[in-house]
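Inspection log for the structure reproduced underneath, given as structure tokens.
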Amino acid sequence: MSDTKPKALLEQAGRDMAGAVSVRLCSLGIELGLFKDLHTHGRSTSAQLAARLQLNERYVREWLHGIVLSGYVMFDKATREAWLSPDQAQLLVEDGGRFAQYGAFKLLNSALLPYEKLREAFKSGGGVGFEDYPPALWQALDHTGCARYRNFLVKDWLPHIPALTQRLKKGARFADFGCGTGRSTIELAKLFPESEFIGYDAFSPNIEQAGVNAKEAGVDRNITFKHWNMDEGSPGQYDIVATFDLIHDLPNPALGLRTLKHSMAQDGMFLLMDIEATEDPVDNSGPYGVFKLGISLHFCMTTSMWQGGEGMGTVGLSDSVLRNLCAEAGFSEVQKINIKHPLNSLYLIT
């Protein structure tokens, strides 16, 4: 055993432990409404925060000191008042904003909670089921989807696919498979009122929430949501089919792609958004690489294996894997769209 001090690793360990605690502190601030209250009322002491939200002041004070040190809240030592800067508000409270991260913090915290079941899966196989996660996880996915599709999909990415947008403008039948709480479908339905949209998902609570979201967005006229599982086979023929962060989650991605092929009209299009992944998982460098592998282990891979699947995982759908699976499913062309996003890749497949 070496006697030299592992300085760099010790520093990394300190950063990682602080980051893990910061995720929990941020999640508490989001779920208890602490960030929103600070944004609404401005400079406040822990006592004022606690009184407005009917929380225990001692807990709020301890949380406040920690979140200030994490860098997510401003603080005046003399007055003991805290507040959010404009940048902090963009990340932590702006509803559906381009830079909103409150859903991501809530997602990560919630995905880490079924720890005992995950640990057992290492020994016995299988995985963690959808019902094992707290409702906060599904709310977090709704939040992250709202921000991503509202800001990136319809504003940044669709202009790169004129053939698809022209078809939607004229009026097309569009099916969103694995629609979740409907955020992608809703944003498209708002933009293309002449088209007919239907969202399918295997998790019933998602379908219920999607209906609520569509009504609130005022697009329930040209949009429908239905419970459906990929192994049920094709539910119909559509001009455009789409999957947003779905294929890598499926128990059987090859079967899923074949079903999607069977659901396309003869001249149909397939819009696929998934996680950008390198050919070798360990080449997914940087903090987002660690994040993707962590989410895979705690949600994407394990829920696939819980369903008896192969567990492709978050970084399993590399470019070559996708192209091989598409060829096997009978698709003729796979075009990668040139977008710049730290997590996602986008393809138009025919």
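A quick note: this is a predicted structure, and the numbers were derived from the prediction, not measured. All heavy atoms count here, side chains included; hydrogens, waters and symmetry mates do not. Residues take their numbers from the sequence shown, with the count starting at 1.
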Checklist entry - Is there a donor-acceptor contact under 3.5 Å from the side chain of E94 to the main chain of F99? => result no

Item to check | Donor-acceptor contact below 3.5 Å, side chain D239 vs main chain R173 | outcome: yes

Item to check | Under 3.5 Å donor-acceptor, N213 side chain and T181 backbone | outcome: yes

Next on the checklist: Restricting to non-hydrogen atoms, name the atom on N222 and the atom on V219 that form the minimum distance, rounded to 0.1 Å.
Outcome noted: OD1-O, 3.2 Å

Checklist entry - Are the side chains of Q307 and F130 in touch, meaning some heavy atoms are under 4.5 Å apart? => result yes

Checklist entry - Are the side chain of W83 and the backbone of L38 linked by a donor-acceptor contact shorter than 3.5 Å? => result no

Next on the checklist: Assess the residue pair I223 and L188 against the criterion (side-chain contact (heavy atoms from CB on, under 4.5 Å)); give the C-alpha distance rounded to whole Å, side-chain angles, the decisive distance to 0.1 Å, and a yes or no.
Outcome noted: CA-CA 10 Å; I223 195 168; L188 290 166; over 6 Å; no

Item to check | Student check: side-chain heavy atoms of L49 and E57 closer than 4.5 Å | outcome: no

Next on the checklist: Using 0.5 Å steps for rounding, measure from the CG atom of D319 to the CD atom of E276.
Outcome noted: 8.0 Å

Checklist entry - Can you list the steps and then say if F174 with F192 is a side-chain contact (heavy atoms from CB on, under 4.5 Å)? => result CA-CA 11 Å; F174 184 107; F192 302 106; over 6 Å; no

Next on the checklist: With a sphere of 6.0 Å drawn around NE2 of H65, does it hold more than 12 non-hydrogen atoms of other residues, nucleotides or ligands?
Outcome noted: yes

Item to check | Common cluster, W306/L118, ILVMFWY with side-chain heavy-atom separation under 4.5 Å | outcome: yes

Checklist entry - Is there a path from I186 to M273 through hydrophobic residues (I, L, V, M, F, W, Y) whose side chains come within less than 4.5 Å of each other? => result yes

Next on the checklist: Taking the side chain as everything from C-beta on, heavy atoms only, tell me whether R323 gets closer than 4.5 Å to Y347.
Outcome noted: yes

Checklist entry - Would D267 and R167 satisfy salt bridge (charged side-chain N to carboxylate O under 4.0 Å, His left out), going step by step from the backbone distance to the final call? => result CA-CA 11 Å; D267 61 344; R167 186 172 291 196; 3.8 Å; yes

Checklist entry - Between I207 and L137, is there a shared hydrophobic cluster once you connect ILVMFWY residues whose side-chain heavy atoms come closer than 4.5 Å? => result no

Next on the checklist: Between E31 and N109, is the side-chain contact (heavy atoms from CB on, under 4.5 Å) condition met? List the steps.
Outcome noted: CA-CA 11 Å; E31 294 189 46; N109 182 65; 4.2 Å; yes

Next on the checklist: Check for me, please, whether L246 and L164 land in the same ILVMFWY cluster - side-chain distances under 4.5 Å, paths through other members count.
Outcome noted: no

Checklist entry - Would you say the side chain of F35 lies within less than 4.5 Å of the side chain of L91, judging by non-hydrogen atoms? => result no

Checklist entry - Between D245 and N344, is any side-chain donor less than 3.5 angstrom from a side-chain acceptor? => result yes

Item to check | Side-chain donor/acceptor of S27 to backbone N/O of V23, under 3.5 Å | outcome: no

Item to check | Test side-chain hydrogen bond (donor to acceptor under 3.5 Å, both in side chains) applied to K36 - qualifying residues, sequence neighbours left out | outcome: none

Item to check | The single option from F197, F244, Y200 passing side chain to side chain contact (heavy atoms under 4.5 Å, CB included) against D176 | outcome: F244

Checklist entry - Does the gap between the ring centers of F270 and F331 come in under 6.0 Å? => result yes

Item to check | S345 versus K336, closest heavy-atom pair with distance | outcome: CB-CE, 4.1 Å

Checklist outcome for this item: Value for CE (M74) from CD1 (I67), rounded to nearest 0.5 Å, stands at 13.5 Å

Checklist entry - Taking side chain as C-beta onward, heavy atoms only, is P253 less than 4.5 Å from E310? => result yes

Checklist entry - Under 6.0 Å between the ring centres of Y72 and F105? => result yes

Item to check | Spatial distance of atom CG (D142) from atom NZ (K106) [nearest 0.5 Å] | outcome: 9.0 Å

Checklist outcome for this item: Nearest heavy-atom contact between S46 and V60 is O-CG1, 3.8 Å

Checklist entry - Is the side chain of Q237 donor-acceptor paired with the backbone N or O of H262 at a distance under 3.5 Å, no angle test? => result yes

Item to check | Main-chain N/O of A140 paired to T144 side chain as donor or acceptor, under 3.5 Å | outcome: yes

Checklist outcome for this item: When every non-hydrogen atom of C326 is compared with those of V334, the smallest separation belongs to CB-CG2, 3.7 Å

Checklist entry - What's the verdict on salt bridge (charged side-chain N to carboxylate O under 4.0 Å, His left out) for K117 and E120, showing C-alpha distance, side-chain angles and the deciding distance? => result CA-CA 5 Å; K117 287 184 177 291; E120 182 57 34; over 6 Å; no

Checklist entry - Minimum heavy-atom separation for G71 to Q88, with atom names? => result O-NE2, 3.2 Å

Checklist entry - Just one of R98, K340, H341 clears the side-chain hydrogen bond (donor to acceptor under 3.5 Å, both in side chains) bar with D156, so which one? => result R98

Next on the checklist: Give me the atom names and distance for the closest heavy-atom approach of G268 to T350.
Outcome noted: O-CG2, 4.0 Å

Next on the checklist: Quick check for you: to the nearest 0.5 Å, what is the distance between T302 atom OG1 and I295 atom CD1?
Outcome noted: 12.0 Å

Item to check | L141/N206 under side-chain contact (heavy atoms from CB on, under 4.5 Å): CA gap, chis, key distance, verdict | outcome: CA-CA 10 Å; L141 288 170; N206 278 345; over 6 Å; no

Checklist entry - Under 4.5 Å between any side-chain heavy atoms of L343 and K292, yes or no? => result yes

Item to check | Side-chain (S44) to main-chain (G42) donor-acceptor, under 3.5 angstrom | outcome: yes

Checklist entry - Are V241 and F177 close enough that some pair of their side-chain heavy atoms sits under 4.5 Å apart? => result yes

Checklist entry - So, the side chain of S195 versus the backbone of L168: is there a donor-acceptor pair under 3.5 Å, distance only? => result yes

Checklist entry - Does D37 use its side chain to pair, donor to acceptor, with the backbone of G33 at less than 3.5 Å? => result no

Next on the checklist: So, taking the atom named CG in D201 and the one named CD in Q209, what distance separates them when rounded to the nearest 0.5 Å?
Outcome noted: 12.0 Å

Item to check | Sequence-distant partners of Y133, side-chain hydrogen bond (donor to acceptor under 3.5 Å, both in side chains), two or more places apart | outcome: none

Next on the checklist: I'd like to know if L317 and L293 are part of one continuous hydrophobic network [Ile/Leu/Val/Met/Phe/Trp/Tyr, side-chain heavy atoms within less than 4.5 Å].
Outcome noted: no

Checklist outcome for this item: To the nearest 0.5 Å, atom CZ of R148 lies from atom CZ of R150 at 13.5 Å

Checklist entry - Do the non-hydrogen side-chain atoms of L322 and L272 ever get within less than 4.5 Å of each other? => result yes

Checklist entry - Any Lys/Arg nitrogen of E11 or K7 sitting under 4.0 Å from an Asp/Glu carboxylate oxygen of the other? => result yes

